[in-house]
Amino acid sequence: MYALCDANSMYASCEKIFDPAIRDKPVVVLTNNDGCICAACHIAKRLGVGKKFIPYFQVKDDLEKAGAVIRSSNYELYADISQRMMDTCSRFAPNSHIYSIDEIFHNYDGWEPPEGWFQHARAIRRAVWTEVRLPIGVGVGPTPTLAKAANHASKRIAGYRGVAVIDNEQTRQHILQNMELTDIWGIGSRLAQRLQGLNIYTPWQLAHANPSLIRKQFSVLVESTVYELQGVVKLTWDDVKAPKKEIYSTRSFGQRILEKNLLCQALIQHAGIAAAKLRRQNSLACVAVIFATNSPHDAQGYYRKSITHRFAIPTQDTTVIANICRQAVEQIFRKGVSFYRCGVGLIDLCDKAMFQQDFFTQFTDNSNLMACMDAINMRYGRNTVHVASQGFQQKFAMRREFLSPQYTTRLSDIPRIQC
DNA sequence: TCTGGGGTCCTAGGACCC
DNA sequence: TCTGGGGTCCTAGGACCC
């Protein structure tokens, strides 16, 4: 059996933990640069002002009318709360995999809790609430896709109240009949539209579709989804935990960038973030993609330029990738373009342990330096040490107008209780 | 006044080579 | 004269997820 634990409106719930004054109010959290809505608590959703990824300025008036509390993304806080949630959840299963900042998969693989699945799931939910004050939903099922579906049910289908277990036919039918196609993991709006063309309107109907026909009309992935909905495991634990094949770090700027050296600094910063992620999964990159664009909404037209660089020797060294950024910016930068977004992608990844070193090529090995940098940044926070060429003044730092304190990660922000 | 997230995977199509 | 194959690499964009 598999379980999926998923926080309820993670970011909005994190904001409420340390701020009792907003617990009964509609709370909405914005993305980077306060661009879009990315999370809304259930009160905001009920008032109809929590639509995900809608630009903030378009709904600003509605939010004000609803009396909503607006918050900028406070990643320092969310990352810390996330870690507490994961620590608590992972105590309950022999194998876990953190799937995103607010989701963790459990793999029980032959083991069954003596108290039964429902009680077990309830215990996880209760522990996270008691220890972290974060509301979560727990879904249990015989496949990862059904565990995801059960998790959806635990929050959205009446009667489940945070815990749903698919361990019999009636429950599987009831849950799959009461969900939308797009609620299923791997089915987005386009696939749902095409499925409806084949008279498949609900996940229950999808579970009864002919797998080979689905494979022919769509892809192996959709075929796997059909099997998974039937209860046949197609996503193995290795699939769920597979290392990434590409790693990107990209961001839009708080202010448009018009200078080449600032663009270069931003790119090098992304090189550092992407390379650190790469080292964390113990991979090497054969290719780097370095790009920058203006805003697609820009009146002067869309400008996008990307440079692909193939490394002579696969690397995970920040300084090597930073050097490529320095060269690439000469080709990417164009005078007069107001740059809005840039990033670095590392693709064509291979496992470091499998890499064969070339006997004849000489190269400097910075792996000790990188390991030291990672260790310091892990201990004292990201960006404590970095390559100097990414700059020290963040002129392109993102806008975070409605930022809450870093309650748990900064000494000066620790909550005080006055007696 | 102006404002529009970030990440991963996959594929189509063009350029280029043999 | 015109047409023909197959591979690799790069680029752009679509689809999906949170």
Side-chain angles (χ1 to χ4, degrees), chain A residues 4 6-12 28-40 51-61 63 70 72-73 75 78-79 82 98-105 144-145 148 151-152 181-195 218-222 224-225 239-240 242-256 270 273-274 277-278 281 283 286-291 293-299 302-310 328 331-332 338 340-349 398-402:
Chain A
L4 178 68
D6 182 332
N8 300 359
S9 344
M10 169 82 174
Y11 295 176
V28 159
V29 181
L30 306 179
T31 56
N32 283 338
N33 286 320
D34 298 337
C36 294
I37 292 179
C38 68
K51 199 151 186 282
K52 256 192 170 184
F53 303 116
I54 196 165
Y56 168 56
F57 74 93
Q58 287 177 6
V59 288
K60 204 172 165 182
D61 293 344
L63 288 165
I70 313 293
S72 303
S73 282
Y75 288 111
Y78 311 152
S82 169
I98 296 172
Y99 177 70
S100 76
I101 193 163
D102 73 331
E103 287 169 282
I104 180 167
F105 271 108
T145 306
K148 262 248 183 203
N151 185 282
H152 177 92
L181 279 174
T182 49
D183 296 331
I184 296 300
W185 198 23
I187 309 292
S189 59
R190 292 303 296 265
L191 278 174
Q193 221 174 2
R194 284 171 58 201
L195 285 166
F218 298 90
S219 65
V220 199
L221 286 160
V222 186
S224 301
T225 301
D239 293 331
V240 174
K244 293 180 173 39
K245 296 174 179 172
E246 301 180 353
I247 287 173
Y248 273 82
S249 173
T250 72
R251 202 119 306 169
S252 47
F253 306 122
Q255 289 173 327
R256 301 285 197 264
H270 289 301
I273 296 168
K277 285 191 204 173
L278 189 67
Q281 70 165 32
S283 296
C286 299
V287 173
V289 181
I290 294 129
F291 76 92
T293 74
N294 66 353
S295 165
H297 309 284
D298 203 321
Y302 189 39
Y303 175 81
R304 179 186 204 276
K305 179 81 180 165
S306 76
I307 299 295
T308 305
H309 177 88
R310 187 164 283 275
Q331 295 170 70
I332 291 170
S338 54
Y340 163 73
R341 179 184 174 78
C342 75
V344 170
L346 302 174
I347 61 179
D348 215 341
L349 307 185
M398 57 188 165
R399 264 194 320 276
R400 296 205 286 185
E401 202 183 323
F402 314 105

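Basis for what follows: all heavy atoms, side chains included, without hydrogens, waters or symmetry-related copies. Protein chains get the first letters and strands the later ones, always in sequence-line order, with residue 1 at the start of each. Here the structure is a predicted model, which is why all the values come from computation and not from measurement.
Residues meeting the salt bridge (Lys or Arg N to Asp or Glu O under 4.0 Å) test with A:D183, sequence neighbours left out: none. When the side-chain contact (heavy atoms from CB on, under 4.5 Å) test is applied to A:T293, the partners found at least two apart in sequence or on another chain are A:F291, A:Y302, A:R304, A:R341. Remark: A:R400 engages A:E76 in a salt bridge (Lys or Arg N to Asp or Glu O under 4.0 Å) (not counting sequence neighbours). Evaluation of the ring pair (Phe, Tyr, Trp, His ring centres under 6.0 Å) rule for A:Y303 yields A:F339 as partners, not counting sequence neighbours. Legend: residues meeting salt bridge (Lys or Arg N to Asp or Glu O under 4.0 Å) with A:D239, ordered by chain and number and at least two apart, are absent. Every side-chain hydrogen bond (donor to acceptor under 3.5 Å, both in side chains) that A:T145 has, sequence neighbours left out, goes to A:E228. Shown here are the side-chain hydrogen bond (donor to acceptor under 3.5 Å, both in side chains) partners of A:S72, two or more places apart in sequence or in another chain: A:D34.
Across all strands shown, A:S189 has heavy atoms under 4.0 Å from sugar-phosphate atoms exclusively, and none from any base. Nucleic acid contact class of A:I187 (heavy atoms, under 4.0 Å, all strands): sugar-phosphate only. Among the atoms of the strands shown, only primed sugar atoms or phosphate atoms (P, OP1, OP2) are found under 4.0 Å from some heavy atom of A:L191. A:I184 comes within 4.0 angstrom of the backbone, heavy atoms only, and of no base. When heavy atoms are screened at a 4.0 angstrom cut-off, A:G186 is found touching the sugar-phosphate backbone but no base atom.
At a cut-off of 3.5 Å, with distance as the only test, no side-chain donor of A:T31 or A:N33 sits close to an acceptor on the other residue.
When rounded to the nearest whole Å, the span between CG of A:L346 and P of B:dC9 equals 12 Å. Distance A:F291 CZ to C:dG13 C1': 13 Å, rounded to the nearest Å. A straight line from CG of A:L221 to P of B:dC10 spans 7 Å, rounded to a whole angstrom. If you measure from atom CZ of A:R310 to atom P of B:dC16, you get 18 Å, rounded to the nearest angstrom. Taking atom CZ on A:R194 and atom P on C:dA15, their separation rounds to 9 Å, with Å as the unit. Protein atom CG of A:D348 is 10 Å distant from nucleotide atom C1' of C:dC9, rounded to whole Å. Atom CG of A:L181 is separated from atom C1' of C:dA15 by 16 Å (rounded to the nearest Å). To the nearest angstrom, P of C:dC9 lies 18 Å from CD1 of A:I307.
Using a 30° and 60° split on the angle between ring planes, A:Y78 and A:Y11 fall in the parallel class, below 30°.
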For this session: Report, as a single string ordered 5' to 3', how protein heavy atoms within less than 4.0 Å touch nucleotides 1-7 of chain B: B base, S sugar-phosphate only, - not at all.
Result: --BBBSS
For this session: Convert the base pairs of DNA chain C into dot-bracket notation, remembering that pairs crossing earlier ones are written with [ ] and that bases paired across to another strand are shown as |; include only Watson-Crick or G-U pairs under 3.5 Å.
Result: ....||||||||||||||
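Under 4.0 angstrom from either OP1 or OP2 of B:dC10 there lies at least one side-chain N or O belonging to A:K245.
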